[in-house]
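These notes concern the structure reproduced below.
Fair warning: this is a prediction, and the values are worked out from it, not measured in the lab.
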Amino acid sequence: MLWSIVRTRPLLRRRLYRLPFAADQRATLVNVKLKWVKDRALDSVVARERHLRQVHRLLELISTDPRGGVPIQELLIRPLHLGNLRVLPSDFLLRFPALFRRSSAISSGRSSPRIFLTDDAFQLRELELSVLRDSEPELVDRLRRLLMLAANFSLPLQTVDQLSWDMGLPSDYHKKILQCYPHFFGLVRPDDDERVWLKLSAWDPLLAVSELQRSSSAGGFNGNSLSFPVRFTRGFGLRRKCMLWLQEWQTLPYTSPYADPSDLDPRTDVSEKRIVGVFHELLHLTLGKKTERSNLSNLRKPLRLPYKFTKVFERHPGIFYLSQKLGVQTVVLREAYGGGRELLRKHPLVSIRERYAAMMNTGRPEICRRHLISEESEVVSSEVCYKN
């Protein structure tokens, strides 16, 4: 159900316009605590990508092997972690017969089983590589915008690695993108930090426009009190005092996530609106408009955020949804799905991943028994998995 933000009373608007900007940085008006309500549509968005990232990583490994297939013995080195279980990659892949097949090759008089891609999987992988080549300039711009959100236009390379899947960067983006665009990116190691950081070489004002500003400008509004699109789960009840607080909060000045926030008091609603704007923009930089909450834990200092910054996810359930599926918390941007299960604007790489996910479900015995099996209730055969 779309929840419309109504205009505040004229008296309140006159009071806001009469005060200087600094006076607007007041403490939180109401100590609101909004309840979490399950959203089945957005939970299904997260659940349908179960194991997709692990499968894709192994698919890349096999597709790039010059022998055409990978010997099973080479897949026994690093077991996959699936919840509290560890799974041998070779056994894991055989659960997806539409993507992978096993064959034997005679070598030195002995049978050496190998894992190959099916013909359909190979063709889809070729299509994915073509899409990656075509969308490379756009991927580069989104990576540049990510770095522009950070102080000194730099982030730890490990942090970028954690976000690379969600942003659609190829697994070898260090070579395919960073080395191919030295005029944009550089690797540095600060004197007081052992980590390697990815640094943007130059600021681009054309990129420093948030998605909220772009959409508002398209609608003909050029003010500084931009309102975030808000949509609640069906049946969500908002108390009157929470509604009044949210109405007034929406009228506060909007600080661009690309602007320097050093003048903002972190204890105020204006600062909180800036934090919401930062994550609103960051989620827009991802393909699926979502990411695991743990991926954001290392961003406090680089994004110049106060302590306990993730509280904005609970305080603004009409903007963000916290899904508990698959044993992790995933932050989803509500507006991107319009109340349904599909993205309103879908990147070509998302369509490729959806086809991989559909192939993962083809021919699996457990899928034939039941279309959806939850992470918590699935029983994995002892022949495939063994506990830590």
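For Pro71 against Gly69, the heavy-atom pair with the smallest separation is CD-O, 3.8 Å. In terms of heavy atoms, Tyr258 sits closest to Ala208 at CD1-C, 3.7 Å. Across all their heavy atoms, Val131 and Pro348 have their closest contact at CG1-CB, 3.7 Å. A pairwise comparison of heavy atoms in Ser323 and Asp43 identifies OG-OD1, 2.7 Å as the closest pair. The shortest non-hydrogen separation linking Val70 to Leu61 is CG2-O, 4.2 Å. Pairing each heavy atom of Val312 with each of Phe320, the nearest pair is O-CD1, 4.1 Å.
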Worksheet item: Given the rule in the side chain to side chain contact (heavy atoms under 4.5 Å, CB included) test, do Tyr321 and Phe232 qualify, once you have shown the distances and angles that lead to the verdict?
Response: CA-CA 9 Å; Tyr321 176 65; Phe232 291 105; over 6 Å; no
Discussion item. Applying side chain to side chain contact (heavy atoms under 4.5 Å, CB included) to Val331 and Asn295, what does each step give before you reach the verdict?
Written reply: CA-CA 10 Å; Val331 186; Asn295 290 340; over 6 Å; no
Item to complete: Start with the C-alpha distance between Glu211 and Arg345, add both sets of side-chain angles, then the distance that settles salt bridge (Lys or Arg N to Asp or Glu O under 4.0 Å), and finish with yes or no.
Response: CA-CA 13 Å; Glu211 190 66 26; Arg345 291 186 295 172; 3.0 Å; yes
Practice prompt. Evaluate the criterion side chain to side chain contact (heavy atoms under 4.5 Å, CB included) for residue pair Glu354 and Val350; output intermediate values, then yes/no.
Written response: CA-CA 6 Å; Glu354 289 178 347; Val350 173; 3.9 Å; yes
Worksheet item: Checking salt bridge (Lys or Arg N to Asp or Glu O under 4.0 Å) for the pair Arg144/Asp141: CA distance, chi angles, key distance, verdict?
Response: CA-CA 5 Å; Arg144 293 169 65 194; Asp141 282 348; 3.2 Å; yes
Worksheet entry | Chi angles and distances behind the side chain to side chain contact (heavy atoms under 4.5 Å, CB included) call for Val55, Phe100 | CA-CA 10 Å; Val55 166; Phe100 306 99; 3.8 Å; yes
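Between the side chains of Glu248 and Thr251, no donor N or O sits under 3.5 Å from an acceptor N or O. Under 3.5 Å, the side chains of Ser210 and Tyr254 contain a donor-acceptor pair of N or O atoms. The closest side-chain donor-acceptor pair between Thr310 and Arg293 falls under 3.5 angstrom.
Applying the salt bridge (charged side-chain N to carboxylate O under 4.0 Å, His left out) rule to pairs touching residues 166-180 yields Asp172-Lys176, sequence neighbours excluded. Among residue pairs with one or both ends in residues 115-127, those qualifying as salt bridge (charged side-chain N to carboxylate O under 4.0 Å, His left out) are Glu60-Arg125, Arg125-Glu128; sequence neighbours excluded.
By the 4.5 Å heavy-atom criterion applied to side chains, Val278 and Ile275 are not counted as neighbours. Looking at Leu124 and Leu127, their side chains come closer than 4.5 Å, going by heavy atoms from C-beta outward. Using a 4.5 Å heavy-atom cutoff, the side chains of Gln250 and Leu226 are not in contact. Put simply, the side chain of Gln324 does not reach to within 4.5 Å of the side chain of Lys38, judged on heavy atoms. Side-chain contact between Leu58 and Phe92: present, with at least one pair of heavy atoms (C-beta onward) separated by less than 4.5 Å. The side-chain heavy atoms of Leu252 and Ser225, taken from C-beta on, include no pair separated by under 4.5 Å. With contacts defined as side-chain heavy-atom distances shorter than 4.5 Å, the pair Leu212/Glu281 does not qualify. No side-chain heavy atom of Leu99 sits less than 4.5 Å from a side-chain heavy atom of Thr362.
Not a single donor-acceptor pair under 3.5 Å links the side chain of Asp265 to the backbone N or O of Thr268. Looking at Ser63, its side chain does come within 3.5 Å of a backbone N or O of Leu59 through a donor-acceptor pair. Using modelled atom types, one side-chain atom of Thr118 and one backbone atom of Ala121 make a donor-acceptor pair closer than 3.5 Å. Remark: side-chain polar atoms of Arg353 are not paired, donor with acceptor, to backbone N or O of Leu52 under 3.5 angstrom. Checking side-chain atoms of Lys290 against main-chain N and O of Thr330 turns up no donor-acceptor pair under 3.5 Å. When atom types are taken as modelled, the side chain of Glu342 and the backbone of Tyr337 share no donor-acceptor pair closer than 3.5 angstrom.
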Output a table of donor-acceptor pairs, distance under 3.5 Å, between side-chain atoms of residues 179-190 and any protein atom two or more places apart or on a different chain; print 'none' if there are none.
{"unit_1": "Tyr181", "atom_1": "OH", "unit_2": "Glu136", "atom_2": "OE2", "d": "2.6"}
{"unit_1": "Arg189", "atom_1": "NE", "unit_2": "Glu194", "atom_2": "O", "d": "3.4"}

Under 3.5 Å, side-chain donor or acceptor atoms of residues 148-165 against the rest of the protein: list the pairs with distances, not counting sequence neighbours.
{"unit_1": "Asp161", "atom_1": "OD1", "unit_2": "Tyr173", "atom_2": "OH", "d": "2.5"}
{"unit_1": "Asp161", "atom_1": "OD1", "unit_2": "His174", "atom_2": "NE2", "d": "3.1"}
{"unit_1": "Ser164", "atom_1": "OG", "unit_2": "Asp161", "atom_2": "O", "d": "2.7"}

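Linking Ile, Leu, Val, Met, Phe, Trp and Tyr whenever their side-chain heavy atoms come within less than 4.5 Å leaves Leu200 and Trp197 in two separate clusters. Linking ILVMFWY side-chain heavy atoms closer than 4.5 Å, directly or via other members, places Val328 and Val46 in two distinct hydrophobic clusters. Transitive grouping of hydrophobic side chains (ILVMFWY, heavy atoms separated by less than 4.5 Å) keeps Leu344 and Ile319 in distinct clusters. Note on Trp36 and Val230: same hydrophobic cluster, where clusters join Ile, Leu, Val, Met, Phe, Trp and Tyr whose side-chain heavy atoms are under 4.5 Å apart, directly or indirectly.
In this structure, the separation between CG on Leu343 and CG on Leu287 is 9.0 Å, given to the nearest 0.5 Å. Interatomic distance, OG1 of Thr233 versus CG of Leu42, reported as 7.0 Å (0.5 Å rounding). One distance of note links CG of Leu264 with OG of Ser262; it measures 8.0 Å at 0.5 Å rounding. With rounding to the nearest 0.5 Å, the separation of CG in Leu282 from NE2 in His280 is 11.5 Å. Note that OG of Ser256 and CD of Gln213 are 4.5 Å apart. Values are rounded to the nearest 0.5 Å. Between atom CZ of residue Arg274 and atom CZ of residue Arg304 there is a gap of 6.0 Å, rounded to the nearest 0.5 Å.
Taking the six-membered ring for Trp and thresholds of 30 and 60 degrees, Trp245 and His316 have ring planes inclined between 30 and 60 degrees apart.
Here the options are Lys325, Arg334, Arg341, the test is salt bridge (charged side-chain N to carboxylate O under 4.0 Å, His left out), and the partner is Asp39; only Arg334 passes.
Taking Arg67 as the reference, Asp65, Glu74 meet the side-chain hydrogen bond (donor to acceptor under 3.5 Å, both in side chains) condition, with sequence neighbours excluded.
For Arg142, the CZ atom sits in a packed shell: over 12 heavy atoms of surrounding residues, nucleotides or ligands are nearer than 6.0 Å. Phe122 CZ: 12 or fewer foreign heavy atoms inside a 6.0 Å radius.
Ring centroid separation for the pair Phe279 and Phe313 comes in under the 6.0 Å cut-off.
Salt bridge absent: Lys311 and Glu272 never bring a charged side-chain N and a carboxylate O closer than 4.0 Å.
Cation-pi geometry between Arg300 and Phe309 is not met at under 6.0 angstrom from the ring centre and within 45 degrees of the axis.
Through ILVMFWY side-chain contacts below 4.5 Å, Val209 is grouped with nothing and stands alone.
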